Amino acid sequence: MPATTSRRDTRQRRVILELVEHSKAHPTAEEVYRLARKKLPTISLGTVYRNLGLLVEQGSIREVRFDDGVSRFDGHLEQHEHFVCGNCGTVIDLPRALDVKQLTKLASTIGSVTDYKLELTGVCKACGRK
Ligand SMILES: [Zn+2]
Ligand SMILES: [Zn+2]
């Protein structure tokens, strides 16, 4: 951490980290900003962006992107998959069920695998009931 990090910076980062960790909604930076302002009324959107970037760099949270191309933040660090509702945009976590090791082995005849992404899309229960 740079020596210029003030106590205020540390507090802001902690609040942002807690918001993302406790959210199951995979919030966007704007959503984190809205939530953060309830605890830190003077925080700016720029500060939220900067801290989210730092937290991703540190590996404390993950940045995820779905079909809409918007960056969202995920505090759930263990490997998992996502279900995205095409109607309301809700993102729901799913446990990893596929044998990625086997897939990677199969793909090794084609080239070296550096990343893996699986995204399920559909309509969530809340939307299906309407
Ligand atoms: Zn939905
Ligand atoms: Zn997730």
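Note that the structure is a prediction, hence the values are computed from the model and not measured. Each ligand, and each atom within it, is numbered from 1 in the order the structure gives. Just so you know, residue 1 is the first one in the sequence shown, and it goes up from there.
Taking the Zn ion (ligand 2) as reference, Asp74 places its N/O/S atom OD2 nearest. Taking the Zn ion (ligand 2) as reference, the nearest N/O/S atom within Asp93 carries the name OD1. Within His80, the N, O or S atom at minimum distance from the Zn ion (ligand 2) carries the name NE2.
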Show your reasoning for whether side-chain hydrogen bond (donor to acceptor under 3.5 Å, both in side chains) applies to Ser71 and Arg65. CA-CA 5 Å; Ser71 285; Arg65 221 173 280 213; 3.1 Å; yes
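Inclusion of His82 in the first shell of the Zn ion (ligand 2) is supported: an N, O or S atom falls under 2.8 Å.
The angle subtended at the Zn ion (ligand 1) by SG of Cys124 and SG of Cys88 is 110°, given to the nearest 10°.
Ring orientation note: the planes of Phe66 and His26 are nearly perpendicular, at an angle over 60° on the 30°/60° scale. Ring geometry for His80 versus His82: interplanar angle over 60°, hence perpendicular rather than tilted (30 to 60°).
Here the side chain of Thr47 pairs no donor or acceptor atom with the backbone of Ile43 at under 3.5 angstrom.
Among all heavy-atom pairs drawn from Asn87 and Cys127, the shortest one is ND2-SG, 3.1 Å.
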